[in-house]
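Here is the structure we will look at, set down as structure tokens.
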Amino acid sequence: MSDFSARLIAWQRQHGRHDLPWQNTRDPYRIWLSEIMLQQTQVSTVIPYYAKFLARCPDVAALAAAPVDDVMALWAGLGYYTRARNLHRCAQTVVERHGGAFPASVEELAELPGIGRSTAAAIASFAFGARATILDGNVKRVLARVFGVEGFTGEKKVENAMWTLAESLLPLNASDDEVSAYTQGLMDLGATLCVRGKPDCLRCPYAVDCVANVTGRQRELPTARPKKTVPTRRTWMLVLRDGNAVMLEKRPPSGIWGGLWSLPEAADEAALAERARAFGGDGAVSPLAPLTHVFTHFKLDIEPRLAELDSKVGALTVLGDADTAWVTLSDLDSFGVPAPVRKLLDGLQGSLI
DNA sequence: CAATCGTGGCC
DNA sequence: TGGCCAAGATT
């Protein structure tokens with residue numbers, strides 16, 4: 001197909017999205033922030049986080065100067081928390097090594113923490129008009145269908161072939177606006193027409209050429225991810241309550257919920273009671289409603305247990321470099337707390353206190 | 001290089 | 001209900 005890019009640019013200008021919060025700007029900071037938040041995360045989920053984040057950190061200098069714990073709190077609920085740490089590190093790198101201005105080349109952008117090949121291309125094309133292709137889930141789906149690419153796109157061999165194909169489709173001699181429309185068009189086509197379930201092939205600019213449409217294989221392309229059985233883990237969580245405050249514990253920087261504040265955990269009930277005693281309790285714990293949380297690669301059964309203290313010292317929020325803190329339930333917003341733990345604690349506020 | 005890393009929407 | 005996966009990067 002010789003006019004792939006021309007058709008896409010024309011389609012995007014007529015039928016694409018033009019009013020998302022991170023569009024209609026060339027500010028690399030705003031574009032970068034949106035691209036990081038949008039990694040493996042849907043637009044509707046990102047929008048409120050993006051607004052909240054910009055209000056607190058309007059530019060890269062403000063973000064670089066913010067405490068990392070504040071960044072984690074702003075990110076809490078979005079998931080993939082390494083993104084938040086890398087976001088903070090990236091802002092500091094831009095300030096310290098690039099004079100506060102994002103570099104304009106794909107190569108330099110991709111050296112920054114949290115920015116890979118696709119995100120670098122998105123930033124470079126949107127902010128600087130660079131001729132570089134993205135390759136996200138949308139593009140993989142569109143290319144697999146239009147060109148009939150077989151094989152799971154997460155497999156290295158298939159992905160490499162797709163990078164080469166995507167590069168070959170880039171427009172030549174395109175203006176900055178055309179470059180932006182092209183990159184946005186790749187995303188818009190995949191997000192609005194060439195969707196996973198029921199693609200709207202009648203409105204697609206490639207309908208007559210698309211291998212999947214012509215052969216009726218929309219359901220088989222792209223090739224599905226190989227199925228894997230997800231293991232189940234089980235953990236006991238301690239809701240240690242003192243007045244209207246609970247004890248939170250900071251999780252290690254890597255691993256699940258890395259760097260967030262969560263409830264103290266143990267591998268079984270006896271170990272949890274022992275932890276409650278270590279915090280000053282009498283060892284008595286009572287069961288709360290269990291909950292299950294499903295991650296991408298495992299399922300977590302959570303057994304919450306309530307223990308009471310009456311020392312009156314828990315009324316204050318204790319911060320600093322400590323890895324434990326008493327936090328009043330009304331102050332949870334200023335802590336990065338995992339979504340299911342947040343739900344548990346929010347439910348506690350209504351039923352028990 | 002395959003595994004790891006969250007959460008919520010959709011059907 | 002549960003399977004699937006979204007504007008992927010990192011190790």
Side-chain angles (χ1 to χ4, degrees), chain A residues 16-17 20-23 30-50 72 75-87 89-90 109-126 133-142 152-160 162-163 166 180 183-192 194-198 219 222-231 233 251-260 262 291-300 336-343:
Chain A
R17 298 172 291 186
L20 295 170
W22 40 86
Q23 289 184 293
R30 290 178 175 241
I31 294 167
W32 162 70
L33 177 62
S34 74
E35 291 303 328
I36 302 300
M37 286 189 163
L38 286 160
Q39 287 169 358
Q40 299 288 282
T41 311
Q42 295 188 344
V43 167
S44 57
T45 303
V46 166
I47 287 175
Y49 283 87
Y50 184 74
M72 300 306 292
W75 202 272
L78 251 192
Y80 286 148
Y81 297 100
T82 299
R83 292 186 294 172
R85 265 178 194 291
N86 284 337
L87 190 84
R89 284 207 299 141
C90 183
L109 285 166
E111 288 177 10
L112 294 167
I115 302 181
R117 184 173 175 181
S118 185
T119 299
I123 299 169
S125 62
F126 284 137
T133 189
I134 59 169
L135 186 64
D136 60 16
N138 288 314
V139 184
K140 286 176 176 176
R141 187 169 53 255
V142 169
F152 172 49
T153 59
E155 190 182 332
K156 209 63 180 177
K157 191 178 96 182
V158 180
E159 188 174 334
N160 287 338
M162 284 209 155
W163 273 113
S180 291
T183 301
Q184 189 64 47
L186 285 175
M187 298 168 169
D188 290 350
L189 194 65
T192 64
C194 195
V195 295
R196 184 167 63 97
K198 283 186 179 176
R219 250 167 41 87
T223 304
R225 168 191 307 273
K227 292 181 185 180
K228 278 174 288 188
T229 59
V230 296
R233 303 180 195 172
R251 300 179 62 86
S254 65
I256 204 77
W257 296 333
L260 294 193
S262 188
L291 54 147
T292 296
H293 189 69
V294 181
F295 295 91
T296 304
H297 52 299
F298 68 94
K299 191 192 304 179
L300 184 65
V337 178
V341 176
R342 179 62 196 253
K343 275 183 198 164

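Just so it is clear, the values below take in all heavy atoms, side chains as well, and ignore hydrogens, waters and symmetry mates. Lettering follows sequence order; numbering is per chain, from 1. Because the structure is predicted, anything quoted here is derived from the model rather than measured.
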Establish, with yes or no, whether the OP1 or OP2 oxygen of C/dG8 is under 4.0 angstrom from a side-chain nitrogen or oxygen of A/Q40.
yes
Of the listed nucleotides B/dT7, C/dA7, B/dC5, the one nearest the side chain of A/Y81:
B/dT7
A/Q39 side chain, from C-beta outward: closest of C/dT10, C/dG8, B/dT7:
C/dG8
Tell me whether the side-chain N/O atoms of A/Y49 come closer than 4.0 Å to OP1 or OP2 in B/dT7.
no
A/L38 side chain: which of C/dA6, B/dC5, C/dA7 is closest?
C/dA7
In terms of the angle between their ring planes, are A/W257 and A/H293 parallel, tilted or perpendicular, with boundaries placed at 30° and 60°?
tilted
B/dC5 to C/dA7 separation - P atoms, rounded to the nearest Å
23 Å
By nearest-nucleotide position on DNA chain C, the 5'-leaning member of A/F295 and A/R117 is A/F295
Can you identify which nucleotide, out of B/dG6, C/dA7, B/dA3, has its nearest atom closest to the A/K228 side chain?
B/dA3
How close or far is atom P of B/dG6 from atom CH2 of A/W75, stated in whole angstroms?
12 Å
Can you check the A/R141 CZ to C/dA7 C1' distance for me, whole Å?
11 Å
Tell me whether the side-chain N/O atoms of A/R225 come closer than 4.0 Å to OP1 or OP2 in C/dG3.
no
So, OP1 or OP2 of B/dG6: does either fall under 4.0 Å of a side-chain N or O from A/H293?
no
Distance between P atoms of B/dG8 and C/dA9 (Å, rounded):
23 Å
Separation of A/L87 CG from A/L112 CG (nearest 0.5 Å):
11.0 Å
Using the side-chain heavy atoms of A/R233, tell me which of these nucleotides is nearest: C/dA7, B/dC5, B/dG8.
B/dC5
What's A/A339 touching, base or sugar-phosphate or nothing? Going by heavy atoms closer than 4.0 Å.
sugar-phosphate
Of all the nucleotides listed (B/dC5, C/dC5, B/dT7), which has the minimum atom distance to the side chain of A/H297?
B/dC5
Does A/K198 make a side-chain N or O approach to OP1 or OP2 of B/dC10 shorter than 4.0 Å?
no
Considering every strand and a 4.0 Å limit on heavy-atom distances, what is the contact class for A/I36: base, sugar-phosphate, or nothing?
nothing
Does the separation of the ring centres of A/W75 and A/Y49 fall below 6.0 angstrom?
no
Side-chain N or O of A/T119 versus OP1/OP2 of C/dA9: is the shortest distance under 4.0 Å?
yes
Using a 4.0 Å heavy-atom cut-off, does A/L20 contact any base of the nucleic acid, only the sugar-phosphate backbone, or nothing at all?
base
Which part of the nucleic acid does A/S118 contact within heavy-atom distance under 4.0 Å: base, sugar-phosphate only, or nothing?
sugar-phosphate
Residue whose nearest DNA chain C nucleotide is more 5′ - A/G190 or A/G114
A/G190
When rounded to whole Å, the CG to P distance for the pair A/D136 and C/dC5 reads 15 Å
Describe the nucleic acid contact of A/K299 in one word from base, sugar-phosphate, nothing, applying a heavy-atom distance below 4.0 Å.
nothing
Interatomic distance where CZ belongs to A/R83 and P belongs to B/dT4 [whole Å]
19 Å
For A/G255, which contact category applies under a 4.0 Å heavy-atom criterion: base, sugar-phosphate, or nothing?
sugar-phosphate
Please determine whether any donor N or O and acceptor N or O are separated by less than 3.5 Å between the side chain of A/R17 and the base of C/dA7.
yes
Between C/dG2 and A/K227, is there an OP1 or OP2 to side-chain N/O distance shorter than 4.0 Å?
no
Can you confirm whether A/T153 sits close enough to A/L135 that some side-chain heavy atom of one is under 4.5 Å from a side-chain heavy atom of the other?
no
Quick one: pull up CD1 in A/I115 and SG in A/C90 and give me the separation to the nearest 0.5 Å.
4.0 Å
Checking contacts here: which listed nucleotide (B/dG6, C/dA7, B/dT7) is nearest the side-chain heavy atoms of A/P338?
B/dT7
With distance as the sole criterion, do the side chain of A/S44 and the base of B/dG9 form a donor-acceptor contact below 3.5 Å?
no
To the nearest angstrom, how far is A/L186 atom CG from C/dA6 atom P?
15 Å
With side-chain hydrogen bond (donor to acceptor under 3.5 Å, both in side chains) as the test, would you mind laying out the steps for A/R89 and A/N86 before giving the verdict?
CA-CA 5 Å; A/R89 284 207 299 141; A/N86 284 337; 3.1 Å; yes
Is the NZ or CZ atom of A/R225 both under 6.0 Å from the centre of the six-membered ring of A/F152 and within 45° of that ring's axis?
no
Taking OP1 and OP2 of C/dA7, is either one under 4.0 Å from a side-chain nitrogen or oxygen of A/W22?
no
Base, sugar-phosphate, or nothing: which does A/V46 touch, judged by heavy atoms less than 4.0 Å apart?
nothing
